[in-house]
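Everything on this sheet refers to the single structure shown next.
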Amino acid sequence: MAEGRPTKIAVLISGNGSNLQALIDASNTPALPNTRIVSVISNRKDAYGLQRAAKASIPTERLSLLKYKKTLYPNNEETARQKYDEKLANVVLGIEGGDKAEEDKSGKKLEKPDVIVCAGFMHILTENFLTPIEEAGIPIINLHPALPGAYDGANAIERAHKDFQDGKADKTGVMIHYVIKDVDRGEPIVIKEIPFEPEDTDLDHLTERLHSVEHKAIVEGTRKAIQSLQESTAMVKGARSAIQSLKERQLRKGVSWYVLSRPTLVPFNLRMLIFHI
Ligand SMILES: Nc1nc2c(c(=O)[nH]1)N[C@@H](CN(C=O)c1ccc(C(=O)N[C@@H](CCC(=O)O)C(=O)O)cc1)CN2
Ligand SMILES: NCC(=O)N[C@@H]1O[C@H](COP(=O)([O-])[O-])[C@@H](O)[C@H]1O
């Protein structure tokens, strides 16, 4: 990441996009400074989040898993998912266009991001996606409407609601975490605990409470992930610079010793000067 330029964010969605909207509204404000959402990619053609992105003039793409499962690899779901994820990685990295570019024959490709945010992206990512993204040095984070280790996977809110009704849980929460192969088990970045209220017997009431917490958490988590990325990038840069200057010093010393070992090459007083370089 070049110092000073805006951090480029790609957002993966599947639905309404209210969390995407929170990121759009926060972008380039003190909540999410010096950022630009460069792409929004959905695995569902009808995701309203795509319209939100278009209204914000953010490039969008779509990639349907169904085409891979039903048409391209009808007899092997695992291969369909692997090939889909390979393609998804290429689309996000700007190597290939997706379904939209194919349908409008534009050949358009997206801009390569510095960070990827899963904002209600309802697709389990395999290593066929995770590995090329990791090799590109791009962190992936995810919003999950539960606490670490609780209700991994889909329908987390509904499962928490049932446990509340059954008297098995007194709280739930929202977290932003790094994405690894094990679903919802990546290192947490932000954790927001939400104790149940009596009104949460109504699922819609609980869902609305969680969504309002999500919208703040996803901005905070994205900001923190970008800060960590900038810190690690700066550390790598510092290490490279230190190694370079060490190499230059060794080279100079090497030259010094070579010259000193051949006095005919340089007068004595100049040799002593070189020795102290
Ligand atoms: N490898 C990972 N992939 C994803 C992670 C992750 O941590 N590691 N986070 C998820 C988001 N997510 C929960 O936060 C999640 C989304 C979807 C599913 C799921 O079971 N999806 C089904 C399809 C469901 C549907 O289409 O409605 C599936 O992929 O077969 C579980 C967890 C993003 N991916
Ligand atoms: N496992 C991930 C997961 O379940 N995410 C859920 O998807 C919703 C997306 O809403 P949005 O499309 O309005 O942002 C979020 O509210 C979140 O609870």
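Atoms within each ligand, like the ligands themselves, are counted from 1 in listed order.
Annotation: atom 24 (C) of ligand 1 to nearest protein heavy atom, M122 O, 3.9 Å. Atom 25 (C) of ligand 1 has R44 NH2, 3.1 Å as its closest protein atom, hydrogens excluded (heavy atom only). Nearest protein heavy-atom neighbour of atom 20 (O) of ligand 1: I124 CD1, 3.7 Å. Given atom 13 (O) of ligand 2, the protein heavy atom at minimum distance is S18 OG, 2.5 Å. Nearest protein heavy-atom contact of atom 12 (O) of ligand 2 is G17 N, 2.8 Å. Ranking the protein heavy atoms by distance from atom 11 (C) of ligand 1 puts N142 OD1, 3.4 Å first. The protein atom (non-hydrogen) at minimum distance from atom 10 (O) of ligand 2 is N19 ND2, 3.7 Å.
With a heavy-atom cut-off of 4.0 Å, I180 touches ligand 1 through its backbone alone. At a heavy-atom distance under 4.0 Å, only side-chain atoms of P145, from C-beta outward, approach ligand 2.
Geometrically, ligand 1 and K181 share a nitrogen or oxygen pair separated by less than 3.5 Å. For D184, no nitrogen or oxygen atom sits less than 3.5 Å from a nitrogen or oxygen atom of ligand 2, counting backbone and side chain alike. Close N/O approach between G153 and ligand 1 is not found [any backbone or side-chain N/O within under 3.5 Å]. When only interatomic distances are considered, the shortest N/O to N/O separation between R185 and ligand 1 does not fall below 3.5 Å. Where the criterion is an N or O separation shorter than 3.5 Å, residue side chain and backbone included, L125 meets it with respect to ligand 1.
Residues T60 and K100 bring a donor and an acceptor atom of their side chains to less than 3.5 Å of each other. No side-chain donor from either of Q227 and E231 sits under 3.5 Å from a side-chain acceptor of the other.
Residue-environment remark: CD (E127) stays at or below the threshold of 12 foreign heavy atoms within 6.0 Å.
By heavy-atom distance, the residue among H211, Q21, E214 lying nearest atom 17 (C) of ligand 2 is E214. The option from A154, A146, G120, P145 that lies nearest to atom 31 (C) of ligand 1, judged by heavy atoms, is A154.
Atom numbering of ligand 1 starts at 1 in the shown order; those under 4.0 Å from a heavy atom of H123 are 4 (C), 16 (C), 17 (C), 29 (O), 33 (C), 34 (N). The V179 neighbourhood of ligand 1 comprises atoms 2 (C), 6 (C), 8 (N), with distances under 4.0 Å to a heavy atom of that residue. Taking every heavy atom of R81 and a limit of under 4.0 angstrom, the matching atoms of ligand 1 come to 28 (C), 29 (O), 30 (O). Close approach of ligand 1 to F121 is summarised as follows: ligand atoms under 4.0 Å from at least one heavy atom of the residue are 11 (C), 16 (C), 33 (C). For ligand 2, the atoms closer than 4.0 angstrom to any heavy atom of L143 are 2 (C). Close approach of ligand 2 to G153 (heavy-atom distance below 4.0 Å) involves ligand atoms 1 (N). Under a 4.0 Å criterion applied to the non-hydrogen atoms of I157, ligand 2 contributes the atoms 18 (O). Numbered from 1 in the order shown, with element, the atoms of ligand 1 that lie under 4.0 Å from a heavy atom of D184 read 6 (C), 7 (O), 9 (N), 12 (N), 13 (C), 14 (O). Every atom of ligand 2 with a heavy atom of H144 under 4.0 Å away is listed here by number and element: 1 (N). Contact atoms of ligand 1 toward H177: 7 (O) (distance under 4.0 Å to a heavy atom of the residue). Annotation for ligand 2: atoms under 4.0 Å from non-hydrogen atoms of G120 are 5 (N), 7 (O), 9 (C). Shown in contact with V183 at under 4.0 Å from a heavy atom are these atoms of ligand 1, numbered in order with element: 6 (C), 7 (O), 8 (N), 32 (C).
Once rounded to the nearest 0.5 Å, the distance linking CZ of R62 with CG of D99 reads 6.0 Å. The distance from atom CG of L65 to atom NZ of K70, rounded to the nearest 0.5 Å, is 9.5 Å. The OG1 atom of T172 sits 6.0 Å away from the OH atom of Y151 when rounded to the nearest 0.5 Å.
Aromatic ring orientation, Y84 versus Y68: perpendicular (interplanar angle above 60°, classes split at 30° and 60°).
Taking 4.0 Å as the cut-off, A47 does not count as a neighbour of ligand 2 on heavy-atom distance. Heavy-atom separations between G186 and ligand 1 are all 4.0 Å or longer. Residue contacts with ligand 1: E77 is excluded, as none of its non-hydrogen atoms falls under 4.0 Å. The closest approach between L143 and ligand 1 falls below 4.0 Å for a heavy atom of the residue.
Shortest non-hydrogen contact noted between L32 and T222 is CD1-CG2, 3.8 Å.
A salt bridge links K192 with E220: at least one charged nitrogen is closer than 4.0 Å to a carboxylate oxygen.
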